[in-house]
Amino acid sequence: NPAVNALLKVKLAACEKQGVKVELNITSAWKDLSIPGWEMCKVLGNLIDNALDAMKDTKNPRLTITLSEDLKAFRFSVANNGPDIPPQDLGRIFQAGITTKAEGHGMGLFIVRSTLRERGGDIEVTSGGETVFSGWVPKETAASDVRSVL
């Protein structure tokens with residue numbers, strides 16, 4: 001996907017500048033992505049930026065970005081080895097206005113989840129030793145399913 005490729009190039013350069021080791025696991029071209037490229041860039045860009053921010057005081061910072069697909073969905077994950085998200089925050093970080101940062105508005109993850117859910121997908125987070133945001137969008141949106149029935 002050209003838009004995602006361009007985003008990854010920019011974000012990899014930012015990682016290099018910050019001394020973050022990046023591992024890319026791309027097993028799919030994400031051809032015919034069911035979400036506009038710019039929207040997927042908004043999702044991935046926010047997750048990568050959050051990871052970089054979380055790791056700014058981490059020794060040997062490491063970011064792993066995975067893009068894949070299966071028969072039903074395009075899948076992604078963004079993992080980092082920064083500090084764990086406190087358990088009391090895990091269940092609420094996708095709510096509007098919730099932030100774990102000293103500065104911020106708490107809208108980024110809310111927008112990420114809303115964007116994915118509008119397209120029939122979703123995102124989740126785990127944090128313990130490493131923080132992993134993983135999500136998906138279906139290969140066909142509900143609108144295209146309706147068209148195929150008509």
Same apolar cluster (I L V M F W Y, side chains within < 4.5 Å links), [X]/[Y]:
{"X": "Leu116", "Y": "Trp136", "answer": "no"}
{"X": "Leu7", "Y": "Trp38", "answer": "no"}
{"X": "Leu12", "Y": "Val4", "answer": "yes"}
{"X": "Val132", "Y": "Phe94", "answer": "no"}
{"X": "Ile48", "Y": "Val10", "answer": "no"}

If I compare all heavy atoms of [X] with all of [Y], which pair ends up nearest, and what's the gap?
{"X": "Thr58", "Y": "Pro83", "answer": "OG1-CD, 3.9 Å"}
{"X": "Val78", "Y": "Ala51", "answer": "CG1-CB, 4.4 Å"}
{"X": "Trp30", "Y": "Met40", "answer": "CZ3-CG, 3.5 Å"}
{"X": "Gly19", "Y": "Pro61", "answer": "O-CG, 3.6 Å"}

Reported [atom1]-to-[atom2] distance for the pair [X] and [Y], which is rounded to 0.5 angstrom:
{"X": "Ile93", "Y": "Gln88", "atom1": "CD1", "atom2": "CD", "answer": "11.5 Å"}
{"X": "Leu90", "Y": "Glu124", "atom1": "CG", "atom2": "CD", "answer": "11.0 Å"}
{"X": "Leu109", "Y": "Arg113", "atom1": "CG", "atom2": "CZ", "answer": "9.0 Å"}
{"X": "Leu52", "Y": "Cys15", "atom1": "CG", "atom2": "SG", "answer": "4.5 Å"}
{"X": "Cys41", "Y": "Lys11", "atom1": "SG", "atom2": "NZ", "answer": "9.5 Å"}

Checking the side chain of [X] only, and the main-chain atoms of [Y] only, is there a donor and an acceptor separated by less than 3.5 Å?
{"X": "Arg62", "Y": "Asn80", "result": "no"}
{"X": "Thr66", "Y": "Phe76", "result": "no"}
{"X": "Asn81", "Y": "Glu130", "result": "no"}
{"X": "Thr131", "Y": "Ser127", "result": "no"}
{"X": "Lys139", "Y": "Asp70", "result": "yes"}
{"X": "Ser134", "Y": "Ser77", "result": "no"}

Do Asn46 and Asn50 have side-chain N/O donor and acceptor atoms under 3.5 Å apart?
yes
Test side-chain contact (heavy atoms from CB on, under 4.5 Å) applied to Leu63 and Met55, step by step:
CA-CA 9 Å; Leu63 179 69; Met55 294 186 295; 4.1 Å; yes
Check the pair Ile111, Thr115 against side-chain contact (heavy atoms from CB on, under 4.5 Å), reporting the backbone distance first and the verdict last.
CA-CA 6 Å; Ile111 291 169; Thr115 299; 3.9 Å; yes
Are Asn1 and Lys31 close enough, and set up right, to give a side-chain contact (heavy atoms from CB on, under 4.5 Å), and what steps lead you there?
CA-CA 6 Å; Asn1 183 287; Lys31 188 176 182 211; over 6 Å; no
So Ile26 and Leu8, side-chain contact (heavy atoms from CB on, under 4.5 Å) or not? Walk me through it.
CA-CA 11 Å; Ile26 300 175; Leu8 290 176; 4.0 Å; yes
Going by side-chain contact (heavy atoms from CB on, under 4.5 Å), Phe133 matches just one of Thr126, Val112, Ile123. Which one?
Ile123
Please determine if Glu39 and Arg119 form a salt bridge, counting it only when a charged side-chain N lies under 4.0 Å from a carboxylate O.
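Result for this pair is yes, salt bridge flagged.
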